[in-house]
Amino acid sequence: MALLIIMITCFVIILATSQPCQSPDDFVAATSPGHIMIGGLFDIHEKMLFSEDYPRRPEIQKCVGFEISIFLQTLAMIHSIEMINNSTLLSGVKLGYEIYDTCSEVTVAMAAALRFLSKFNCSREIVEFKCDYSTYMPRVKAVIGAGYSEISMAVSRMLNLQLMPQVSYESTAEILSDKIRFPSFLRTVPSDFYQTKAMAHLIRKSGWNWIGIITTDDDYGRLALNTFAIQTAANNVCIAFKEVLPVFLSDNTIEVRINQTLEKIIAEVHLLAVLKNVTFTDGGNSFHFDAHGDMNTGYDVVLWKEINGHMTVTKMARYDLKKDIFIITDQETRNEFRNLKQIRSKCSTECSPGQMKKTMRSQHICCYECVNCPENHYSNQTDMDHCLLCNNETHWAPVRSTMCFEKEVEYLNWNDSLALLLLALSLMGIMFVLAIGIIFTRNLNTPIVKSSGGLVICYVILLCHFLNFASTGFFVGEPQDFTCKTQQTLFGVSFTLCISCILTKSLKILLAFSFDPKLQNFLKCLYKPIPIIFTCTGIQVVICTLWLIFAAPTVKENVSLPRVIILECKEGSILAFGIMLAYIAVLAFICFIFAFKGRKLPENYNEAKFITFGMLIYFIAWITFIPVYATTFGKYLPAVEIIVILISNYGILCCTFFPKCYVILCKQETNTKSAFLKTIYSYSSHSAGSLAMSHVSLDSTKSNTTMNNPSSGGKSADCQKSKDIQTFAHICKTNATSVSKTWSRKKFSSI
């Protein structure tokens with residue numbers, strides 16, 4: 001019986017749709033009465049046949065292009081309703097249906113929607129206009145369809161007037177998920193958002209980024225195109241071309257989909273709310289509508305493959321909407337997925353790690369060339385848009401690097417060859433200091449040692465040289481706050497003490513051999529050895545103490561170099577560092593002036609001349625140090641200061657003590673009391689004679705002034721001149737002898 005009903009229905013549908021519409025009843029494709037009517041919209045025919053380019057009259061034309069797949073979907077709806085009516089699911093209530101062929105035209109579907117909205121149990125098909133349709137009873141309670149998204153959108157806007165439930169079996173446009181514009185629309189297929197997402201996922205999984213798109217020229221095609229373009233852009237896939245085809249060029253070989261219709265009878269009241277909460281199972285899978293009215297079904301991924309000249313369609317996997325994954329059932333399909341990656345669909349070759357993409361002059365971001373990452377940049381993945389920057393303070397990277405490397409920490413290490421050389425020179429200087437101390441101790445009572453200021457002054461100066469040589473060790477090794485503070489202050493104080501002691505020696509020498517009474521009186525007042533040493537050194541101690549309190553030297557990391565971190569001591573205050581060095585320079589200059597004035601003393605005991613040379617070496621070394629220190633950077637910066645300290649220290653040590661050691665060791669005959677007195681006597685006689693000559697020259701000048709006056713006779717004048725010459729010679733001899741003895745005793749006692 002059921003088979004007979006279906007055959008009759010098929011004949012009625014084919015006959016009705018093949019003829020032009022003469023009356024509203026002719027417009028209906030298939031109908032069956034019932035207590036609850038369900039409408040249906042199916043695209044049984046492909047299009048409407050127009051005799052002209054565009055319609056001249058507002059009438060529904062004949063439909064052409066029979067679609068067997070859609071026709072089978074129509075029969076599936078009829079069959080489902082008949083099965084429900086023949087079951088015991090709803091006793092005493094019969095479901096009816098009213099199915100229309102939209103002919104793939106929005107106009108025809110709108111006409112059918114008007115009949116759906118007409119008033120129930122009315123003799124005439126009238127759609128009443130009301131402000132509130134809550135109590136309005138239309139002839140149809142729910143609508144199944146349509147297939148095309150464009151038609152479903154148009155129909156849904158009309159059905160929204162009465163919030164009539166509309167359940168589509170094929171409309172997948174993403175815009176239909178908007179419940180503000182389409183509140184009564186539901187569908188049993190996923191939104192195009194998930195379809196395009198699955199397609200983009202599949203393309204990315206296959207390693208493609210250069211594709212073309214073909215779509216239909218309708219709302220469904222255009223909306224899907226826009227959504228897919230957004231999805232591909234998010235996955236860095238470029239669209240090489242877009243082709244839009246007319247809607248009627250449908251492929252009739254697509255696998256037939258049979259609509260899943262309602263399997264449970266629902267009540268008339270609140271039908272839309274009940275539909276949204278419906279849940280049913282099929283094959284162990286549960287299905288329901290989400291908040292957007294979309295069914296939670298997935299997609300089947302099919303492979304079109306030509307085998308022996310025949311096209312076959314094989315299911316490869318299923319796409320899960322929620323988990324965004326492809327579910328593969330067997331190994332064969334898994335291998336097919338892997339084979340997709342072998343298909344090349346890229347505009348450019350992928351960039352390897354260590355490179356980045358540089359977009360070529362085109363509109364596509366997928367067409368690019370690969371360039372190496374510059375220094376201090378890296379990339380650790382393929383096809384990176386830009387290289388990542390390393391932390392320049394702690395890391396570095398070479399050109400075309402795939403990772404950042406940690407910078408090496410460098411400083412003037414104990415194992416460095418230059419450091420070893422400088423330390424060896426410092427150690428040799430310490431050995432010289434100890435040797436000189438031993439020599440002076442063993443020759444304590446000799447004139448050379450006594451003329452050097454005594455053993456105490458010599459020991460203090462040697463101790464200062466020892467500390468200066470030892471301070472160079474604080475410049476080598478890993479810098480610490482303690483070493484940074486010690487290296488500068490130890491050198492500054494010890495060198496100042498050394499210069500202060502040499503300054504007192506210069507004053508003493510100048511005082512001992514000064515013949516000018518006024519200068520001698522001034523030097524006697526100035527010459528206070530202990531106060532001078534303590535005052536000069538104390539000022540430097542105050543300078544260094546204030547420096548350590550307010551701006552002490554600290555360890556700093558110099559990260560300006562590209563591949564290394566330099567640990568170095570920063571002065572803390574360049575001003576304080578400059579004041580310390582300037583103060584030493586002032587003392588050295590004063591010492592130089594005093595020593596320069598005493599440079600013509602007895603040769604064997606002339607310290608002043610060598611002190612002058614020592615100060616000159618100091619000035620040359622530190623004047624050279626300033627520009628070199630200011631322009632040098634890196635781990636060898638401390639070596640510059642070590643070199644200057646060694647030069648100045650060696651210069652003063654050699655000029656102060658080496659000549660004396662030479663006399664003590666090699667010229668012992670001159671290091672005796674008698675030889676010392678003889679030298680002093682000779683120098684004093686020469687100095688006193690010069691002084692007497694200057695006085696006699698003054699008296700002679702006065703007498704010459706008198707002799708220029710006229711005399712009484714020439715003979716008496718010659719006799720007087722002869723007597724004056726003899727008298728002058730005697731006076732010179734007598735004065736020289738007396739002055740020599742007097743100054744000899746005086747100088748010996750002074751020295």
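Worth knowing before you read on, the calculation uses all heavy atoms, side chains too, and leaves out hydrogens, waters and symmetry mates.
Heavy atoms only, all atoms of each residue included: A173 and S149 are closest at N-OG, 3.2 Å. L117 and Q162 make their closest contact through O-NE2, 3.5 Å (heavy atoms, listed as atom of the first residue, atom of the second, distance). The minimum heavy-atom distance linking T402 with G354 is given by the pair CG2-N, 3.8 Å. What you find for G147 and S171 is that their closest heavy atoms are O-OG, 3.1 Å. The shortest heavy-atom contact between V64 and H45 is O-CB, 3.5 Å. A pairwise comparison of heavy atoms in A397 and H377 identifies CB-O, 3.7 Å as the closest pair.
Counting only heavy atoms from C-beta outward, the side chains of T232 and I211 approach each other to under 4.5 Å. Between L114 and M158 there is a side-chain heavy-atom pair separated by less than 4.5 Å. A heavy-atom distance below 4.5 Å is found between the side chains of H386 and L388. Side-chain contact between P183 and L163: present, with at least one pair of heavy atoms (C-beta onward) separated by less than 4.5 Å.
Screening D383, D385, T382 for a side-chain hydrogen bond (donor to acceptor under 3.5 Å, both in side chains) involving K357 leaves a single residue, D385. Just one of Y169, Y97, Y100 meets the ring pair (Phe, Tyr, Trp, His ring centres under 6.0 Å) condition when paired with F42; it is Y169.
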Test F185 against S152 for side chain to side chain contact (heavy atoms under 4.5 Å, CB included), laying out the working first. CA-CA 9 Å; F185 180 81; S152 294; 3.9 Å; yes

Assess whether side chain to side chain contact (heavy atoms under 4.5 Å, CB included) is satisfied between T74 and M77, documenting all intermediate values. CA-CA 5 Å; T74 307; M77 174 181 172; 5.8 Å; no

Take M356 and C387 through the test side chain to side chain contact (heavy atoms under 4.5 Å, CB included) and record every step on the way to the result. CA-CA 6 Å; M356 67 176 179; C387 296; 3.6 Å; yes

List the steps, then state whether side chain to side chain contact (heavy atoms under 4.5 Å, CB included) holds for S191 with E174. CA-CA 5 Å; S191 167; E174 184 181 358; 3.7 Å; yes

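In summary, the side chains of S156 and R181 do not present any donor paired with an acceptor at a separation below 3.5 Å, with no hydrogens or angles considered.
With values rounded to the nearest 0.5 angstrom, S184 atom OG is found 11.5 Å from R157 atom CZ. Atoms CD1 and OG1, from I175 and T227 in turn, are 9.5 Å apart once rounded to the nearest 0.5 Å. Note that CD1 of I151 is 4.0 Å distant from OG1 of T102, once rounded to the nearest 0.5 Å. The CE atom of M110 lies 12.5 Å from the CZ atom of F116; values are rounded to the nearest 0.5 Å. Here I81 contributes atom CD1 and I36 contributes atom CD1; the two are 11.0 Å apart, rounded to the nearest 0.5 Å. Annotation: the span from I78 atom CD1 to I38 atom CD1 amounts to 12.0 Å, rounded to 0.5 Å.
A side-chain donor-acceptor contact under 3.5 Å links S379 to the backbone of Q355. A distance-only check finds no donor-acceptor pair linking the side chain of S104 to the backbone of D43 [under 3.5 Å]. A donor-acceptor contact shorter than 3.5 Å links the side chain of N85 to the backbone of L95. Proximity of a side-chain donor or acceptor of N372 to a complementary backbone N or O of V399 within less than 3.5 Å is not detected.
In this pair, F71 and F66 present their aromatic rings tilted. The plane angle is within the 30 to 60° band.
With C404, the cysteine C390 has an SG gap short of 2.5 Å.
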